[in-house]
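In what follows, chains carry the letters A, B, and so on, assigned in the order in which the sequence lines appear, proteins first and then strands, with residues in each chain numbered from 1.
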Amino acid sequence: MGVALRDILSDYKNPAGWDKLSGKGAFDGNNALYQFLTTIRQPDGTPLMDREGRVTSHLSGMFFRVSNFLEKGMKPVFIFDGRPPDFKSDTIKERREAKEKAEIAYKRAVSVGDTQEAYKQARSATKVDAEIIESSKRLLSLMGIPVVDAPSEGEAQAAFMVINGDVSFTVSQDYDSLLFGAPKLVRNLTVSRKRKVRGRTITVNPEFILLPEVLFGLGITVENLIEMGILIGTDFNEGIRGVGAKTALKIVKNDNFDSFIKEKAPEFDPYPVKEFFLNPPCHRDYNLKWDKTDSDKLFEMLCEEYDFSHARVESVLDKLNEGAGQKTLDQWF
DNA sequence: CCTCCATC
DNA sequence: GATGGAGGC
């Protein structure tokens, strides 16, 4: 997933308290859904499901998390992927095949009663399908949250909206929006701040990554950063074997990107990928309007349609309505 | 992922 | 208040 710049960007993390997160945030919707669907599971890998067997993990995660953000004064907008560029097809095919393999391994693990393995494979087999995206969009709309359908990559559209000044930052676990030029990225944006890693529970804190700070610190341009991504590997190309973040930085700083690619991967033309990052398809006519939550319809959807507990949904909505009542309409819209 | 509750 | 564990649908 995304571009593996973690090693070199870890020096440019700024702690992000809630006081600094009260602006408008452009969320990578697909990224969020993937996160919910991989993590909200029972120990044997079974996701949350309604009585008809429809998966509801994403609705649970989205509902409780977005409610929290609204309560803390943040205004989220969710961006969803459109049609991927042609040169992503190899990556998409690889991922689909890996998921099919994981699905088989999952069924096998269940049949032999290997709970841990089942959990692992179920996570790897996670797919975001049309039904999941549609139900998420419906939930967000009922919560009064704007949804933007990107023409192509959601991360690109999100970055564009920050550059345009319509939102304050992008929110994603992936670093791609930086390569699309987003000046401000927020990672680890959760409420619970707890995460299970190999059985242990660790605390994670929301963090900002500021593109100007990264570029200045590394002494490169955004085009260099894109070249680094291409050398390491992105969603759109495989990357050069043996090249990590450190090596990539050296190569681009020495202005050796073109010659290095020519030498190591003569078949590969990096130009379309580079151009895509620099100039991705984006909508300019998006509408950002935050609305009141429709409590009645939310009850209907979550409790009647998807078997959520009435009490839990109610307590969240009560808190939301309370908060909205305290604000004047001007503050809220 | 989130909430809730027990525990310190 | 912080932490850890069970359960959500």
Side-chain angles (χ1 to χ4, degrees), chain A residues 1-2 15-19 21 25 27-72 74 76 78 80 110 115-116 118-129 131-140 142-143 145 171-174 186-207 293 298-323:
Chain A
M1 298 297 109
W18 279 108
D19 52 326
L21 293 167
F27 285 69
D28 180 342
N30 296 73
N31 186 272
L33 289 184
Y34 194 79
Q35 223 177 64
F36 293 138
L37 289 164
T38 49
T39 49
I40 305 180
R41 290 172 183 276
Q42 292 166 15
D44 65 354
T46 313
L48 298 184
M49 287 182 291
D50 66 7
R51 83 189 87 193
E52 286 174 43
R54 289 176 301 193
V55 172
T56 55
S57 295
H58 58 299
L59 298 175
S60 177
M62 192 80 106
F63 176 63
F64 290 113
R65 185 187 275 190
V66 170
S67 302
N68 272 303
F69 289 163
L70 288 174
E71 223 177 306
K72 290 180 191 297
M74 190 178 139
F78 279 78
F80 289 90
V110 169
T115 306
Q116 273 197 337
Y119 180 80
K120 200 180 116 192
Q121 297 297 345
R123 285 184 59 126
S124 303
T126 299
K127 270 186 278 206
V128 175
D129 61 21
E131 196 180 332
I132 284 174
I133 292 185
E134 282 319 307
S135 52
S136 304
K137 286 180 180 173
R138 189 149 66 92
L139 176 72
L140 289 167
L142 294 182
M143 296 183 81
I145 307 299
V171 183
S172 176
Q173 286 307 95
D174 292 342
V186 179
R187 299 187 67 250
N188 297 339
L189 191 48
T190 64
V191 180
S192 69
R193 295 151 61 92
K194 280 189 286 190
R195 185 173 299 167
K196 277 207 180 103
V197 178
R198 288 188 295 273
R200 294 232 186 301
T201 316
I202 59 160
T203 308
V204 288
N205 293 307
E207 64 197 31
T293 56
L298 275 172
F299 263 119
E300 220 174 283
M301 177 179 180
L302 293 176
C303 301
E304 285 167 38
E305 203 173 324
Y306 288 106
D307 299 333
F308 276 56
S309 139
H310 203 276
R312 291 186 84 201
V313 172
E314 186 169 39
S315 79
V316 169
L317 290 177
D318 282 351
K319 264 194 283 178
L320 266 185
N321 291 331
E322 223 174 276

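- As judged by a 4.0 angstrom heavy-atom cut-off over every strand, A:Ser315 is placed among residues touching the sugar-phosphate backbone only.
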Polar atom pairs (N or O), protein with nucleotides 6-9 of chain C, under 3.5 Å:
residue, atom, partner, partner atom, Å
C:dG8, O3', A:Arg312, NH1, 3.3
C:dC9, OP1, A:Ser309, N, 3.0
C:dC9, O3', A:Thr56, OG1, 3.2
C:dC9, O3', A:Tyr306, O, 2.4
C:dC9, O2, A:Met49, N, 2.5
C:dC9, O2, A:Met49, O, 2.6

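- Residues A:Asn68 and A:Val316 fail the side-chain proximity criterion, which asks for heavy atoms closer than 4.5 Å.
- With sequence neighbours excluded, no residue satisfies side chain to side chain contact (heavy atoms under 4.5 Å, CB included) with A:Asp19.
- Remark: A:Glu305 engages A:Arg138 in a salt bridge (charged side-chain N to carboxylate O under 4.0 Å, His left out) (not counting sequence neighbours).
- Across all strands, A:Thr190 comes closer than 4.0 Å only to sugar-phosphate atoms, never to a base (heavy-atom distances).
- Contacts of A:Thr38 classified as side chain to side chain contact (heavy atoms under 4.5 Å, CB included), with partners at least two apart in sequence or in another chain: A:Tyr34, A:Arg123, A:Thr126.
- Taking the salt bridge (charged side-chain N to carboxylate O under 4.0 Å, His left out) definition, one finds that A:Lys137 meets it with A:Asp149, sequence neighbours left out.
- Applying the side chain to side chain contact (heavy atoms under 4.5 Å, CB included) test to A:Gln42 and every residue at least two apart in sequence or in another chain returns A:Asp44, A:Thr46.
- A search for salt bridge (charged side-chain N to carboxylate O under 4.0 Å, His left out) contacts involving A:Asp307 returns A:Arg51, not counting sequence neighbours.
- When DNA chain B is scanned 5' to 3' for any atom under 4.0 Å from a heavy atom of chain A, the first and last hits are B:dC1 to B:dC4.
- A:Arg312 meets the salt bridge (charged side-chain N to carboxylate O under 4.0 Å, His left out) test with no other residue; sequence neighbours excluded.
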